[in-house]
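The first residue of the sequence shown is numbered 1, and numbering continues consecutively from there. Hydrogens, waters and symmetry mates play no part in the numbers below; they use all other heavy atoms, side chains included.
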Amino acid sequence: MLCRGEAKVKVEDVLGLKVKYNYEVSGISIDSRKTKKNDIFVCIDGENVSGNDFIDELIKKKVRTFVTNNIDIYKKYVNEKLNIVLSHDVKKDLGFYCKKFYENISQKVHLVGVTGTNGKTTVTTLLYKYYRYLGKSCTLIGTNGIYINDLYFETANTTPDIITIYEIMKKSIDNGSYLIIMEVSSQGIKEGRVNGLSFDVGLLTNITLDHLDYHKTFDDYFYTKVLFLSRCNNVIANRDSNKFLEVNRAIDKKIITFGKSEADYHINNIDYDIERTSFDLDIYGQNFHIQTSMLGEYNIYNVTSFIALVDYLGSFNQYTLSYLSKKITIPGRFEIIETNRGKFVIDFAHTPDGVENVLKLLNTLKVGKLITVIGMGGNRDKSKRKIVGKILSENSDIIILTEDNSRFEETMDIINEIQKGIIQNRDKVLVILNRKEAIKKAYSLSTKKDIIALLGKGNENYIIRGNDKLPYSDKDEVYKLGK
């Protein structure tokens with residue numbers, strides 16, 4: 001396998017076309033800070049900077065091959081002893097280059113991709129933890145980081161850039177891990193971060209409102225998901241999703257389905273209590289009784305989609321049922337912390353559908369009040385804010401509006417947008433801009449019978465204000481209150 005430093009490959013081998021100077025290649029890069037001598041540098045346009053801005057700096061590092069979509073850059077350097085390759089779609093071509101350089105290694109592993117608005121982290125983490133429970137090698141790539149067996153690496157994005165993904169695959173193989181489970185975000189798909197990867201199976205959890213700041217229209221968001229699924233060798237999807245029929249029409253292949261309606265994995269006989277959920281699952285005519293500590297109807301779908309993946313991978317047996325019956329914790333997803341006063345439930349829920357699912361579940365479990373502490377991200381989809389406000393007013397006894405990752409928006413402006421949806425019981429709303437102080441206030445207002453829903457950040461260990469990414473954890477702040 002080709003890797004940085006071996007210099008066994010040349011430019012034409014990677015680019016698949018003739019160039020002026022067929023130099024040896026040590027790697028492919030899109031990050032000027034990580035670029036080494038003899039790398040091919042692909043100039044990607046980011047939010048604030050372009051890879052084209054770093055060409056002069058990289059020439060000094062002995063980088064001699066650049067791929068750009070900028071004709072002026074091409075003209076500027078065309079007479080230098082460099083390869084300046086003009087591309088009409090640098091992100092698409094980057095996937096092709098990586099596929100060549102890394103010898104198409106995604107075909108040498110079982111690559112599982114999970115996409116959808118909600119549930120990606122829960123389903124992928126369930127799958128990863130299950131295979132580790134069985135003592136089998138496994139890799140997880142997602143919101144909570146990268147795990148290669150028990151090795152952990154941080155990641156900035158739910159779906160990393162494609163070069164990072166290939167490096168993870170290579171490192172996984174080196175560590176004996178041939179099952180790679182990945183959260184696939186809509187932005188990751190749109191940005192070309194999974195271009196050219198061979199997914200053995202893709203699973204769709206659901207599709208509801210999200211990310212319209214990036215996609216602009218729901219149709220673009222929806223068809224971005226469909227594009228990914230259409231490229232997977234096999235597809236599993238939620239039969240009960242209100243977009244299933246459109247997905248089914250758009251994908252020219254047999255879809256394995258799960259849901260309460262007519263489905264290959266048919267959910268029925270659901271029963272809840274405060275500690276457990278149980279249901280029957282009919283799998284192609286054979287019935288199984290499932291018990292799990294994971295609560296709520298949305299987690300029944302998450303558990304069922306997990307079972308469908310395990311069954312597809314040939315690992316569904318009595319150990320699966322035993323694993324599900326144990327206490328399973330997904331970091332930042334419905335994590336419960338008991339305190340001397342109220343019980344905190346920390347959850348990443350930030351979409352209308354996610355917030356409503358969590359609050360409705362908590363209302364079935366509460367004995368006293370439900371206090372909700374929440375903010376929403378700045379410079380993100382504003383259309384969600386009013387909708388979430390309405391959901392909060394309908395499902396909370398006390399609402400404390402506070403900051404999330406405000407980025408370059410004023411926190412108060414975001415809160416005002418949320419409050420537009422709170423059309424009833426406005427007197428039960430408190431505004432506390434500092435999230436730490438909001439948590440303290442919720443704690444002080446609570447009694448032993450109360451539940452405090454702390455929503456939006458989940459397992460994140462930072463808070464973003466302007467250009468600053470500051471250390472912060474909801475969980476740490478709750479522990480400071482004393483258990």
Side-chain angles (χ1 to χ4, degrees), residues 1-4 6 98-99 101-115 119-185 188 193-194 196-203 205 232-234 236 256 292 294 302-303 305-333 459:
M1 182 175 297
L2 304 172
C3 66
R4 189 184 299 281
E6 290 181 350
C98 288
K99 190 173 182 178
F101 182 77
Y102 290 93
E103 299 177 305
N104 201 13
I105 61 171
S106 67
Q107 288 196 335
K108 300 176 184 177
V109 298
H110 289 293
L111 190 56
V112 176
V114 177
T115 195
K120 296 187 296 296
T121 301
T122 298
V123 174
T124 54
T125 306
L126 275 174
L127 198 59
Y128 163 77
K129 286 192 169 188
Y130 174 63
Y131 280 98
R132 297 306 290 149
Y133 168 76
L134 296 178
K136 295 184 178 181
S137 294
C138 184
T139 294
L140 173 65
I141 304 170
T143 302
N144 286 335
I146 297 164
Y147 292 84
I148 301 176
N149 295 328
D150 297 324
L151 298 173
Y152 172 75
F153 308 89
E154 286 190 359
T155 180
N157 298 304
T158 295
T159 307
D161 68 80
I162 194 164
I163 297 172
T164 299
I165 291 171
Y166 271 101
E167 290 288 347
I168 294 165
M169 286 193 291
K170 181 182 181 303
K171 193 173 183 67
S172 295
I173 291 171
D174 291 344
N175 282 272
S177 175
Y178 286 82
L179 174 60
I180 299 176
I181 303 156
M182 187 189 309
E183 289 185 54
V184 182
S185 68
R193 297 179 205 156
V194 293
L197 296 177
S198 180
F199 282 87
D200 191 20
V201 60
L203 183 138
T205 58
C232 297
N233 296 330
N234 298 278
I236 302 172
I256 301 167
T292 176
M294 301 182 71
N302 289 335
V303 167
S305 59
F306 154 78
I307 290 172
L309 282 170
V310 168
D311 196 29
Y312 173 83
L313 293 168
S315 301
F316 179 67
N317 51 42
Q318 71 271 22
Y319 294 110
T320 317
L321 305 184
S322 172
Y323 164 74
L324 287 171
S325 69
K326 297 181 182 298
K327 181 69 177 175
I328 301 171
T329 301
I330 310 294
R333 269 62 178 178
N459 201 46

Legend entry - Nearest-0.5 Å distance, SG of residue C138 to CG of residue N175: 12.5 Å

Inset, instruction - Compare all side-chain heavy atoms of M294 with those of T122 and state whether any distance is below 4.5 angstrom. - result: yes

Legend entry - Under the side chain to side chain donor-acceptor pair (under 3.5 Å) test, residues paired with R193 that sit two or more places apart: none

Legend entry - Pair Y131-S315, side-chain donor/acceptor within less than 3.5 Å: yes

Inset, instruction - Answer whether the closest heavy-atom distance between the side chains of Y312 and L203 falls below 4.5 Å. - result: no

Inset, instruction - Under the side chain to side chain contact (heavy atoms under 4.5 Å, CB included) rule, what do I163 and C98 come out as? Steps first, then yes or no, please. - result: CA-CA 7 Å; I163 297 172; C98 288; 3.8 Å; yes

Inset, instruction - Could you check if a side-chain atom of L179 sits within less than 4.5 angstrom of a side-chain atom of V109, using non-hydrogen atoms only? - result: no

Inset, instruction - Using the side chain to side chain contact (heavy atoms under 4.5 Å, CB included) rule, pick out the option among V194, N234, V112, N233 that qualifies with F199. - result: V194

Inset, instruction - Locate the shortest heavy-atom distance separating S177 from N149; write the atom from each residue and the value. - result: CB-OD1, 4.1 Å

Inset, instruction - Grab the two heavy atoms, one from G188 and one from T159, that are nearest each other, plus how far apart they are. - result: CA-CB, 4.3 Å

Legend entry - Exam field: side chain D311 to backbone F316, donor-acceptor pair closer than 3.5 Å: no

Legend entry - Approximate separation, where rounding is to 0.5 Å, of Y152 OH and L140 CG: 10.0 Å

Inset, instruction - Compare all side-chain heavy atoms of S185 with those of N157 and state whether any distance is below 4.5 angstrom. - result: no

Legend entry - Stepwise side chain to side chain contact (heavy atoms under 4.5 Å, CB included) check, V114 with V184: CA-CA 6 Å; V114 177; V184 182; over 6 Å; no

Inset, instruction - May I have the step-by-step check of side chain to side chain contact (heavy atoms under 4.5 Å, CB included) for M182 and I165, ending in yes or no? - result: CA-CA 10 Å; M182 187 189 309; I165 291 171; 3.8 Å; yes

Inset, instruction - Dump the intermediate steps for side chain to side chain contact (heavy atoms under 4.5 Å, CB included) on I236 and V201, then the final yes or no. - result: CA-CA 7 Å; I236 302 172; V201 60; 3.9 Å; yes

Inset, instruction - Considering non-hydrogen atoms only, spot the tightest contact between G176 and S137 and give its length. - result: O-CB, 3.3 Å

Legend entry - Residue pair T155 / N144, side-chain heavy-atom distance below 4.5 Å: no

Legend entry - Which atom of G142 lies closest to which atom of E183, heavy atoms considered: CA-OE2, 3.4 Å

Inset, instruction - Determine the interplanar angle of the Y166 and Y102 rings, folded into 0 to 90°, and report it as parallel if under 30°, tilted if 30 to 60°, perpendicular if over 60°. - result: parallel

Inset, instruction - Please tell me if the side chains of T121 and R333 come closer than 4.5 Å, counting only heavy atoms from C-beta onward. - result: yes

Legend entry - Note, T320 side chain near F306 side chain (heavy atom, < 4.5 Å): yes

Legend entry - Under 3.5 Å donor-acceptor, Y130 side chain and V310 backbone: no

Legend entry - Exercise: identify the closest heavy-atom pair between N104 and G196: OD1-O, 4.5 Å

Inset, instruction - Determine whether more than 12 heavy atoms belonging to other residues, nucleotides or ligands lie under 6.0 Å from atom CD of Q318. - result: yes

Legend entry - Heavy atoms from other residues, nucleotides or ligands near OH of Y319 exceed 12 (cutoff 6.0 Å): no

Legend entry - Distance-minimising heavy-atom pair for I168 and P160: CD1-CG, 4.5 Å

Inset, instruction - Count the heavy atoms of every other residue, nucleotide or ligand shown that sit under 6.0 Å from NZ of K129, and state whether that count exceeds 12. - result: yes

Legend entry - Close side-chain approach of I105 and K170, heavy atoms under 4.5 Å: yes

Inset, instruction - Any chance you could measure D200, atom CG, to Q107, atom CD, to the nearest 0.5 Å? - result: 10.5 Å

Inset, instruction - Take N302 and S305 through the side chain to side chain donor-acceptor pair (under 3.5 Å) test and state the conclusion after the steps. - result: CA-CA 5 Å; N302 289 335; S305 59; 4.8 Å; no

Inset, instruction - Compute the centroid of each ring, for Y128 and then for Y133, and state whether the two points are separated by less than 6.0 Å. - result: no

Inset, instruction - Calculate, to the nearest 0.5 Å, the distance between atoms NE2 and OG belonging to H110 and S198 respectively. - result: 11.0 Å

Inset, instruction - Measure the spacing between CG of L197 and CD1 of I180 and express it to the nearest 0.5 Å. - result: 9.5 Å

Legend entry - CG-CG distance between L127 and L309, expressed to the nearest 0.5 angstrom: 5.5 Å

